[in-house]
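Because the structure is a prediction, the values reported are computed rather than measured.
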Amino acid sequence: MGSGHELSSSNSVHQNRQHSQSPRLLQQAHGQTGIYTTPPDASKSLNPITNVSSSSTQQRTAQQQQPARPVETDTLKLKKAWEIALAPSKQIPMNAIMMYMSGNSLQIFSIMMVFMLFKGPIQGLLATNSAFAKFENENTKARLVGVKVVYVLMQLLLLALGIWKVNAMGLLPYVMRPPQ
């Protein structure tokens, strides 16, 4: 049983060797004699693994390496800009849960959490133009205005969450009217 398997695997190895040999050697191995003539399309060599001509492979790689058109590049830039603009909205639920869990008492943990909640949006608001500078060109400048507005609104929502937390902690200064 073992020899049959070894025989079939040696046949496949022998066949693989034959396919990798030159055509003249293949003719001699099969007992054919005569002069080997090259076919008219011999300039297009076949890849022995995939049986695809190398010229078609070169054409595919040339197509893949062509630069993207400006319209496609602008579309991709806008998609990436929208991802950046909506990133603060993904932080709102996480920060709301963290503010709820930190409690309303004046402790170092809750004060640090509120500080971090104010620090992030303020830095984001100050760096709005630099965050979108890499996506801005003459074609996308007008469309980036809406993206920037959404980004600023998301940062303001995070600031509103911080103000809510400061009010819940009793740190927001406001004047109450005396009861009448």
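Considering CE of M154 and CD of Q91, their distance stands at 11.5 Å, rounded to 0.5 Å. Annotation: the span from L117 atom CG to I163 atom CD1 amounts to 9.5 Å, rounded to 0.5 Å. With rounding to the nearest 0.5 angstrom, the NZ atom of K77 is 7.0 Å from the OG1 atom of T73. Note that the CG atom of L161 and the CE atom of M98 stand 10.0 Å from one another [nearest 0.5 Å]. Rounding to the nearest 0.5 Å places CG of L153 at 11.0 Å from OG of S89.
One N or O on the side chain of T140 and one on the backbone of F135 form a donor-acceptor pair closer than 3.5 Å. Without hydrogens or angle criteria, S110 side chain to S105 main chain gives a donor-acceptor distance under 3.5 Å.
Proximity of Q155 to L159: side-chain heavy atoms (C-beta onward) are nowhere separated by under 4.5 Å. Residues I111 and Q107 fail the side-chain proximity criterion, which asks for heavy atoms closer than 4.5 Å. The side-chain heavy atoms of N139 and V71, taken from C-beta on, include no pair separated by under 4.5 Å.
A side-chain N or O of K148 and one of N129 form a donor-acceptor pair less than 3.5 Å apart.
Evaluation of the side-chain hydrogen bond (donor to acceptor under 3.5 Å, both in side chains) test over residues 158-171, restricted to residues two or more places apart or in two chains, returns S102-K165, N104-K165.
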Inset, instruction - Quick one: do R143 and D74 satisfy side chain to side chain contact (heavy atoms under 4.5 Å, CB included)? Show the steps, please. - result: CA-CA 10 Å; R143 291 186 279 179; D74 292 343; 4.1 Å; yes

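By the rule that hydrophobic residues join a cluster once side-chain heavy atoms approach within less than 4.5 Å of another member, L172 and M116 end up as members of separate clusters.
Residues F132 and A81 come closest through the heavy atom pair CE2-O, 3.4 Å. Minimum interatomic distance between L144 and E136 (heavy atoms only, all atoms of both residues): CD1-CA, 3.7 Å.
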